[in-house]
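Some notes on the structure that comes next.
Quick note on labels: first sequence line is chain A, next is B, and so on, each numbered from 1.
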2 protein chains.
Amino acid sequence: MTIISADPAAGGGRSRRATGLRNEAAILAAAERVFAERGFKGASMSEIAAAARMPKPNLHYYFGTKEALYRAVLTDILETWLGEANAFVPDGDPATALAGYVRAKMRWSRERPHASRVFANEVIHGALFIGQYLSDDLRRRVEEKGRVIEGWIRGGRMAAADPKVLFFILWAMTQTWADFAVQVHAVLGVSDLSDEEYDRITEEVVVFALRGCGLTPA
Amino acid sequence: MTIISADPAAGGGRSRRATGLRNEAAILAAAERVFAERGFKGASMSEIAAAARMPKPNLHYYFGTKEALYRAVLTDILETWLGEANAFVPDGDPATALAGYVRAKMRWSRERPHASRVFANEVIHGALFIGQYLSDDLRRRVEEKGRVIEGWIRGGRMAAADPKVLFFILWAMTQTWADFAVQVHAVLGVSDLSDEEYDRITEEVVVFALRGCGLTPA
DNA sequence: GTCTATACCAGGATAGAC
DNA sequence: GTCTATCCTGGTATAGAC
């Protein structure tokens, strides 16, 4: 009858709050996977619940609606996207900065393929939920980083190019390994990529990107 | 009561068959757009019907089920995809072949953005309907074209690279302009790209691709 | 061949017991 | 906080008039 005894986790020594956080994290992880596989409409709350190993109403208890859950997943993804952007450090020489950025993006595609696909799906279908973020936060960030690149170009340290176009090219050639993984596997004739194989591809992409910018691999 | 008089188009001088073909084409075009915007699940037959300016049951009359309509749209898209692949001609020098291919893919992204997005959506969500095509038809084609590239590399006519990885990079950096158009517009701060602006971007992409392959723009 | 009206079902959301 | 049972909307598909 008391609040404490009503919580199954209380007896296990964990606080109610901790249980809640753990549940939320489990739901978010499951939702990211299911949204990646099925898209927003295609994903059902039942399937997410099953993937998170808990009854459907619990999802509504923690997140209210399907849309709110989707937004939470997107927010989580955008935060790590921002983190990756910082891998582009203007210090040192262009080749190092660029190679580091490409490797960071390739790592992200490898480690969070579901997140990448949810993001891609959202953008492809019009970015209804993250449009504001794209035209505010992301746009500003690209302009900042773009000025660094323009400085390098003016200094003759890399080939001339529109920095914004360059960013789109870099994103495309790194995210494709997560987003189009099925196509990659089909064309290569494998069911999965080993870490070694992925590292090899990563270096191919790095070299291509560096050459594309008129830089020679270190 | 007769077959002829039952056809509204008969009086207009058009044959029933022509009307049917025209209707099918209208439905396919509308479906491509709606599937691109909403995804397979997100698209509703009512919305497609409205976009095609005809009552919902007519769609079922022509295509049976939503899934069959979706397959028809995909088939239509894959056929033009194959056509584009032929833009990669092994004759002449690598730079010409590569530049021609990149321009053809950029043109496709510009002219059939909805088709590109439907394709992207399908692959991202596991290529349930076109998986067979990817691992048979596309794979074979990539291997053929790949051998041409390997010949160029052995002949020292371009930088060393895994041809398959190269193809994925080329696809990614050209298709992104259709698939992620919303993100492009947001970052550039425009609501649309003019033909001139798109041509400029195309040349940036061509130059980047050529340099990436160790080739100098003509 | 075309369309109105409807059967039917999947799935989001909630009431209310525990 | 958790879960069972249920409501109800929206969407595919079709029966049957014209």
Side-chain angles (χ1 to χ4, degrees), chain A residues 1-28 30-31 34-35 37-73 129, chain B residues 1-28 30-31 34-35 37-73 129:
Chain A
M1 281 293 267
T2 70
I3 291 174
I4 300 280
S5 73
D7 177 20
R14 286 186 216 87
S15 77
R16 232 169 347 123
R17 182 72 188 135
T19 304
L21 288 177
R22 211 154 25 83
N23 283 346
E24 278 186 24
I27 294 170
L28 280 175
V34 176
F35 280 131
E37 279 167 17
R38 317 263 185 219
F40 175 69
K41 263 284 187 173
S44 80
M45 293 298 269
S46 336
E47 187 177 357
I48 297 173
R53 295 168 169 284
M54 62 183 77
K56 189 168 52 158
N58 292 31
L59 274 59
H60 285 102
Y61 172 74
Y62 283 108
F63 291 94
T65 67
K66 181 184 178 181
E67 181 179 320
L69 173 55
Y70 181 62
R71 281 183 192 277
V73 169
F129 296 100
Chain B
M1 281 294 268
T2 69
I3 290 174
I4 301 279
S5 72
D7 176 21
R14 287 188 215 86
S15 75
R16 237 173 339 129
R17 183 71 188 134
T19 304
L21 288 177
R22 211 153 28 81
N23 284 345
E24 279 186 23
I27 295 169
L28 280 175
V34 177
F35 280 131
E37 278 167 17
R38 317 264 186 219
F40 175 69
K41 263 283 188 174
S44 80
M45 293 298 268
S46 336
E47 189 178 356
I48 298 172
R53 295 167 170 284
M54 62 184 75
K56 192 168 45 160
N58 291 30
L59 275 58
H60 285 103
Y61 172 75
Y62 283 108
F63 291 94
T65 68
K66 180 183 177 181
E67 182 179 318
L69 173 56
Y70 181 62
R71 281 183 192 276
V73 169
F129 295 102

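- Spacing between atom CD of A:Glu24 and atom C1' of D:dT2 amounts to 15 Å, rounded to whole angstrom units.
- In this structure, CE of B:Met45 is placed 15 Å from C1' of C:dC3, rounded to the nearest angstrom.
- Comparing the helix axis at one end of the helix from C:dG1-D:dC18 to C:dC18-D:dG1 with that at the other, each defined from 5 consecutive pairs, gives an inter-axis angle of 0° (nearest 10°).
- In terms of heavy atoms, A:Ala68 sits closest to A:Phe63 at CB-O, 3.1 Å.
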Distances under 3.5 Å only, N/O to N/O: pair up the protein atoms with those of nucleotides 16-18 of chain D.
none

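- Residues of residues 55-67 of chain B that place a heavy atom closer than 4.0 Å to DNA chain C, in numerical order, are B:Pro55, B:Pro57, B:Asn58, B:Tyr61, B:Tyr62.
- Nearest approach of A:Tyr62 to A:Ile27, heavy atoms of both residues: CD1-CD1, 3.7 Å.
- Residue B:Ala43 is classed as a sugar-phosphate contact, given heavy-atom separations below 4.0 Å to backbone atoms only.
- Rounded to an integer number of Å, the gap from CZ of B:Arg53 to C1' of C:dC3 is 18 Å.
- Within the model, atoms CG of A:Leu28 and CG of A:Leu59 stand 9.5 Å from one another, a figure rounded to the nearest 0.5 Å.
- By the side-chain contact (heavy atoms from CB on, under 4.5 Å) test, B:Tyr61 is found to be paired with no residue, residues two or more places apart in sequence or in another chain being considered.
- By the side chain to side chain donor-acceptor pair (under 3.5 Å) test, B:Asn58 pairs with no residue at all, sequence neighbours left out.
- For B:Tyr70, the ring-ring contact (aromatic ring centres under 6.0 Å, His included) criterion is met by B:Phe35, B:Phe40, B:Phe129, not counting sequence neighbours.
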Cut-off 3.5 Å, no hydrogens considered: what does the side-chain donor-acceptor table look like for residues 43-55 of chain A, sequence neighbours left out?
from	atom 1	to	atom 2	distance (Å)
A:Ser44	OG	A:Glu47	N	3.0
A:Glu47	OE1	A:Arg38	NE	3.0
A:Glu47	OE2	A:Arg38	NE	3.2
A:Glu47	OE2	A:Arg38	NH2	3.0

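- The salt bridge (Lys or Arg N to Asp or Glu O under 4.0 Å) pairs that include a residue from residues 62-72 of chain B are B:Glu67-B:Arg71, where partners are two or more places apart or lie in different chains.
- The CG-C1' distance, from B:Leu69 to D:dG11, rounds to 15 Å in whole Å.
- In this entry the distance linking CE of B:Met54 with C1' of C:dG1 reads 12 Å, nearest Å.
- Each of B:Asn23 and A:Ser44 was assigned the nucleotide of DNA chain C with the nearest heavy atom; the assignment lying further toward the 5' end belongs to B:Asn23.
- Scored by the salt bridge (charged side-chain N to carboxylate O under 4.0 Å, His left out) test, A:Glu24 finds no partners at all (sequence neighbours excluded).
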